[in-house]
Amino acid sequence: MINFTFDGKAYEAQEGDTLAAALLRNGIGLVGRSFKYHRPRGIMTAGVEEPNALVTVGEGGRAEPNTRATDVFVYEGLVAKSQNRWPSLSFDMGAVLGLAAPIFSAGFYYKTFFGSAKRWMFYEYFIRKAAGLGDAPTETDPDRFSQRAAFCDVLVVGAGPAGLSAALEAAEAGKRVILVEQDSILGASLIRDPQEQDEAWIDATAEKICAAGGRILTRTTASGYWEHDLVTLTQRIAEPGQVPPNGVAQRLWHVRAGEVILATGSIERPMAFANNDAPGVMLSQAVRTYARRFGVVPGKRIAIATNNDDAYKTAEALRDAGAEIVVILDARPTSAGADSGFHVHNGVPLSVTGAKHGLKSVSALVNGETKSWNVDLLAVSGGFTPVVHLHMQAGGTLDWNEEAQAFVPAISRQKVKTIGGAANPEPIFTVAPVSNPKKSFVDFQNDVTLADVDLAWAEGYRSVEHLKRYTTLGMATDQGKLSNMAALGRLSEKQGVAVPEAGLTTFRPPYTPVTMGLLAGAGARDAGAPTRRLALFDIHQAESPIWQPLGYWFRPRAYPKGRETLAQAALREAQAVRTTVGMTDVSTLAKFEVSGPDAAAFLEIICATTVNKLAVGRGRYTFMLREDGFVFDDGTVWRLAEHRYLLTSSTGGADRMATHLSYVRNYLCPHLRVSVVNVQEHYAGIAVAGPKASAVLQAMIGEYPPRHMSTVPAAIGVTPVIVLAASYSGERAFELYVEASHAATVWAACEAEVMARNGSLYGLEAMEFLRIEKGHLVVGGEIDGRLTPHDLALDKMLNKAGGYIGASGLSRSALSEPGRKQLVGLEALEGTIPEGSMLIRLEGEAPQGHVTAAAFRIIEGGSIALGQLVDGFARHGEELIATSPTRNQRARVRVVHPHFYDEAGERYRD
Amino acid sequence: MSRYSALSLLRGAFNGQKHWQPAWRDPEPKAHYDIIVIGGGGHGLATAYYLAKVHGLKNIAVLEKGWIGGGNTGRNTTIVRSNYRQAELHNLFEFGLKMWEHLSDELNYNVMFSPRGSLTLGHSDADMTMLAQRGDAMRCDGIDAELMTQDQVAKFEPLLDMSRSARFPIEGALIQRRGGTARHDAVAWGYARAADSLGVDIIQKCEVTGFVRDGDAVVGVETTRGRIGAGRIGICVAGNSGHVAGLAGLKLPIESQTLQAMVTEGVKPMLRSVIQTQSLHCYISQSDKGGIVFGGDPDNWPSYAQRGNPIIMEQAVAQGLALVPALSRLRMVRTWSGVTDMSFDGSPIIGETPLPNLYLNGGWCYGGFKATPASGWTYAHTLATGKPHALNAPFSLDRFERGATIDENGSGPMPNSR
Amino acid sequence: MTELTITALPAAPIHVFEIWSNAADVAQRFEAASGFALPAIGRSSGTNALTLIRYEPTVWLVEGDVSGLSEVLGEDGALTAIGGGIVRVLLKGQGWRTLLMEGGVFDAESPNFSIGCSAATTIDHVNVRLHVLSETSCLAYVPLSYSAGLIHFWEEAARDL
Amino acid sequence: MMQISCPHCGPRAQNEFVYERTIDSVVALDAAPEEAMKTLFTRNNPRGVDEEIWRHTYGCRAWMVITRHRVTNEISAVRAVGPEALP
């Protein structure tokens, strides 16, 4: 015995029960309420197609709303609650909506609630509250979800007799086989209709498949068929709401299969008659499943309505279980079933009575007369819909099988084939519904009736897609598994064409709904964005810096002391650089070693500046253009040896630059004798800047450091380093590049020398202050992908010989017309310049530019900024307003030259 | 056209909803129209409507190869907003947003425009500066935008993960309160019904297979339902622009890519606004039916297949769950994808082509739905007068070769890097 | 639970050995100098002192003593150090193949991926290069900056293989 | 997620590859400016077969040209490009 609760009341289930079986076992017929009219609903099916019996299972962060009671196996302590009802399931105020059903016809909301958008939002508030199904969760999920790849020669979907046999055959032929079954046990139809020896055969077959190396996954649904025979499987490791054994609740498999065999069977169809949605109306095979597999007979006086032979097996099963078969309504005109031994009438159901307290009667049209019987269960079989979803997702086509009145797989586009019942459905005989269309439900969950289909037709929504969208047919959580064929039948009747000509909506993944946490996998915690850690992470962390994200990287933004704010710390750090010396971690800069006889030629294609005149041991600033002529990155290039260069560029653009270099080298210039190696992570970088930087360097490397824009190889102790004399801050400065595995030693040595000179560590914020004051550019700020070298005042550095990427783009006419934005400096006359603010001449005028970066003069104080301004080069001296309405900040500014500090570059000299 | 109202519905309740007429006719194509719009999506139908309504033209046809609203109009995430950084873009989209605010009344069809707020989250100071810059640009041009603090965001959308240890902590947001969502199908149907009532012929199942030329000039179309002559022809088939323009021998700055979206099973209200973010690439909102609608990046390679890569969707879901952890146990119930026209600066193209009488409206990337009224209005102006309206003048086809691109992201001409 | 240990090994010299011209000549010179042939793509070869693993058409990853390789290359290629940016993670135990399927897209369970094989792929968004040492051990070359995150991911996944 | 047969590594998951551009958009280094811009800013973009440049970025890092149908995703050819390599 397994204990569970439903709506707070305790019940007992048997081992292996689905929640639906357990509820029926406990005599519970009313399980849920419909979406629109809140009509009482029970359990209709025994599978994933269930439209009605939706409950919330589990509690807290594990609660799963809208769980089909037919698709959860009861475990000890399971907690289930009914949904979409208030105050209770049996007395639901929402049911008054059902009284107004004549108004709430298909698409009614398109025809009313006019007026302003605000007025619609007023109505919408109530509509939204009434809609939805289960309550939204509010807590964080405590469990993990795994995503795993798998490869096989043959993937078999469905472990019924056909699937098991196919899997066995493939496994014994030495193929890698995966067999999946959405149920908790194997057998499928063999469980519903067991013959002698079936159980033993299932067990033996499974054993042989595993012995041959095959993998069998139960509680696993093939939910999506994608390109090139990739199938996604969703595996339940724990049941909904259940605490998983190892913390992993579900697993998503991405299976690449050599061949896919679909043995997915079929889904029984309901019939359209009045009140066909009432609790107590169930599908015939479902009733049989409950009786045979679970030993639960959900009625005592039972009617069966059918258009095929299969339902007679249900009658037999129920009779064997001791129930009374009051009548069988067989839609077929001949004397089908006459010798079955049951009380058979050749007719179709018209309506049923009774609802939330159970079914009372069924009436039917028999030979033109209406007859009625008292029953408490009606089992219906309207035929069978082959499960062709995966075949169709794979891009296949369908054929119409007239005998079965069903679509079956025709041409397969990928390496997929369908076998068993899904390919060969049973013959049936369809009769057009004769009941009141307003009460005859087609889509049970969304409350779509035959009358709604008729109305959509009358209003011109005649393509099957319009019908679906106008009525919401097939858009409930059961994804139209039960409704689509009934609606299609009605539509083809209206159109006066055969069903296949009425068209079909597209089959798209997923086959059954998939838990979002499973799709996210481990990414639910990091948004699928890995974190990149500096080689010197531990050293920085010991200083408790403020970290700043930059792409996937995190870099120290400032190292506050005591109770310093970010701004105070950054200013102190920047002042140290201006007055003594500072050091910072620049390891994340993109770095490429470019070697070979053609290295310079290659770099002259990449860089818009000259490279080949660079002497060994020298370096220079450079920038790169996209093919359209806009600047997209900048950096430095150094000639380390005759045939060896080091190229640096921005952190944020590192991956983009790596791809760009590779494309140019391999696709455009495969003939060049050059090797381009990404050494971004190989070298950690430490920048030392300030009036005392030379002294620090000399103490470390034991020789006078190279002059500005020169490089030497050196050693600190036994550790080799590359010293680049480059400056971003505007001071005499060096970058030390050292193999990342030795970076800690060099950092420590450097820190000792810096501190000995009363220097400081500095972070990105101080670096930003320093470079703004110096008028240096940053990628993502001034270099925003929309400006040319001319706009950024870099045109004098362009390689006059051309030949670099982007030269053609630069020649376009609009790029040299007046009205372009150009780089300017800004100094505040009044107020502090807000970063990102708009530059306007007068309040109310459209912006003429914006502030790309704002800072303070580091020593003298005073607000300064860099910006982009229309025709800015010609506007030095003009006064403007830098305004930020969203922050309610503004400053009066003067347009100036964008170099606020040491324009002549005196400070680069010792 | 019989008017829709609460009263007409009530009347229907008593007569079994039997008095409704088809929302649009099903006419046979005529031999010649003054203007033919190719494409019966929202944009094409809106164009036809404004040609009839604003410009008083009578002899107009919309040719649709399948069923109206069946392309990207019916395959998006229904977001409406005008919060762009670049002036040309926010001016165009704001013009549209103002039209959305009265569209249901204008069309006598409830398009369910619901201005519940377009919330763009920032995850760092750098993000917040970018958001402020965007908001400031909008405000200076008279468009609503507000910055929100962490506390305000937490109060506005309580299920967002506001913890400081989050991978992408939420530092604040930019909100455009007038942004929101609308019912996508209703937009196509509403424009179709209104255009039809003004005499526009909406011809479904009529695929254009070629252009009829008189020298350089285009004077008609070949279709699966025969040759149809026209004074001017407007291509309006975003997703298939390259294909249709190719029939006229034109090559465009457009690459088609697949964009996927999905929705979860319905739950009671949990999110009020449309959530987007500055650093990530997912957008989330809750539909009136209660489903959580999710969108993400396009598949970054050319495709006309309305099928996507599951990994792209999984990435969008991962990002969404990192922002709203309570979504974890909801279930994705439906996915769909559309083919988008990825233009080479991320902005649309509305204007003339090098061929006389032939015009192009396309290149909407993944942002066309919200532009529907503005796109239709400006395109109608262009088709009726032969000259662009001031709002769409910057979005000319020749801007690429001239260098006058409108690049919101600054990411350049490769659509896959956008 | 499957027995599996995940260990980051100490840093070691690793180089890129790239050929841009006269590949066949270089291959001959290499074999003459080192006594074994340059491995084909997806394979490794070497001695105790020197291992070459080929992940790319024109590039070999070299672990060990590279003295003499510059001479082998001559004007036909270049040798560049990259070891500082790589963490070698040893996966030891029966479960390494299953582990590599978690968050992965490469068929590490294939019987063809056997001793001496190499492959570059992506696992949990990280570019990883694999080298099969034995049926019970595999060496993964992981970019330094991503290594802490990936090792954490592996440790968590290893709890439920 | 497609499966692409890398000329060097064999069949691999699409996630290891990155699409670069179509072959008709390759701007030759020596193209005249007007021709270069025309190449950069126009595409055939057929609803059918086209040739595309992809890179096995997360695998062997090699470049290749893939002939692919834009609707069915059928890949009919993959051709290695780049410097000549040893077999």
Side-chain angles (χ1 to χ4, degrees), chain A residues 64-66 102-103 105 108 110-114 117 121 124 127-128 131-138 140-141 226 232 455 458-460 463 465-466 469 477 508-509 513-517 519-520 523-524 526-528 549 626 628 784-786 812-815 835-838 847 884-886, chain B residues 4 6 9 13 17 20 22-24 67 70 101 104-105 109-110 113-115 124 129 132-133 135-137 139-140 145 147 167-168 185-186 265-270 280 288-290 310 314-315 317-319 321-322 325-333 335 402-404 407 410-413:
Chain A
E64 291 197 25
N66 309 337
I103 301 179
S105 52
F108 77 96
Y110 298 126
K111 297 173 181 164
T112 183
F113 306 122
F114 291 111
M121 281 188 82
E124 190 189 32
I127 291 172
R128 287 169 80 89
L133 289 162
D135 282 328
T138 55
T140 300
D141 197 326
W226 310 85
T232 42
L455 178 62
E459 292 197 75
S463 92
E465 281 285 350
H466 281 163
R469 288 156 182 265
T477 64
R508 293 182 180 283
V514 177
T515 306
M516 298 286 276
L519 292 173
D526 65 1
R626 290 191 310 244
D628 60 1
D784 65 357
R786 292 184 281 260
R812 291 181 294 168
S813 60
L815 298 181
E835 195 156 77
S837 59
M838 295 296 116
S884 174
T886 59
Chain B
Y4 291 161
L9 270 172
Q17 305 290 357
W20 300 113
W24 47 82
W67 37 281
E101 286 164 345
S104 294
D105 275 359
Y109 202 105
N110 188 359
F113 172 59
S114 175
S124 63
T129 303
Q133 187 189 129
D136 290 342
R139 286 278 288 274
C140 284
L147 283 180
R167 175 67 181 84
F168 290 90
D185 293 327
E265 296 176 348
V267 288
K268 296 297 178 193
M270 68 187 295
L280 300 172
D288 284 345
K289 280 188 71 190
E314 287 161 19
Q315 274 165 10
V317 173
Q319 296 184 354
L321 262 60
L327 296 172
S328 179
R329 294 284 171 143
L330 301 192
R331 297 190 201 96
M332 168 183 85
V333 69
T335 56
R402 286 193 296 116
D407 191 343
S411 48

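Chain letters run A, B, ... following the sequence lines, proteins first and then strands; every chain starts at 1. Every value quoted in this text rests on a predicted model; they were computed, and no experiment measured them.
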- Message: Working to the nearest 0.5 angstrom, can you tell me the gap between B/Trp67 CH2 and A/His466 NE2?
- Response: 6.0 Å

- Query: Taking A/Ile127, A/Thr232, A/Asp628 one by one, which has the highest count of heavy-atom pairs under 4.5 Å against chain B?
  - Reply: A/Asp628

- Rounded distance [0.5 Å steps], CG in A/Leu519 versus CD in B/Gln315: 12.0 Å

- Per-residue tally against chain B (heavy atom, under 4.5 Å) across A/Pro847, A/Gly523, A/Ser105, A/Gly134 peaks at A/Gly134

- Query: Is it true that a side-chain atom of B/Lys268 and a backbone atom of A/Ala131 form a donor plus acceptor pair closer than 3.5 Å?
  - Reply: yes

- Relative to chain B, which of A/Arg626, A/Glu64, A/Arg469 shows the most heavy atom pairs under 4.5 Å? A/Arg469

- Please flag which part of A/Asn66 lies under 4.5 Å from any non-hydrogen atom of chain B: side chain, backbone, both or neither. both

- Task: Using non-hydrogen atoms and a 4.5 Å limit, figure out which bit of B/Asp288 sits close to chain A: side chain, backbone, both or neither.
- Result: both

- Query: Within the side chain of B/Arg329, is there an N or O that forms a donor-acceptor pair under 3.5 Å with the backbone of A/Asp141?
  - Reply: no

- A/Met838 CE to B/Cys140 SG distance, which is reported to the nearest 0.5 Å: 6.5 Å

- What part of A/Leu455 is in contact with chain B, defined as an atom under 4.5 angstrom from a non-hydrogen atom: side chain, backbone, both or neither? side chain

- Note on the structure: Ranked by heavy-atom pairs below 4.5 Å to chain B, first place among A/Ala527, A/Gly517, A/Ala458 goes to A/Ala527

- Region of B/Tyr109 in contact with chain A, defined by heavy-atom distances below 4.5 Å: both

- Okay, side chain of B/Asn110, backbone of A/Thr112: is any donor-acceptor separation there less than 3.5 Å? yes

- Query: Does any heavy atom of chain B fall under 4.5 Å from the side chain of A/Ser463, the backbone, both, or neither of them?
  - Reply: side chain

- Can a donor-acceptor pair be found between the side chains of B/Asp136 and A/Ser837 at a distance below 3.5 Å? no

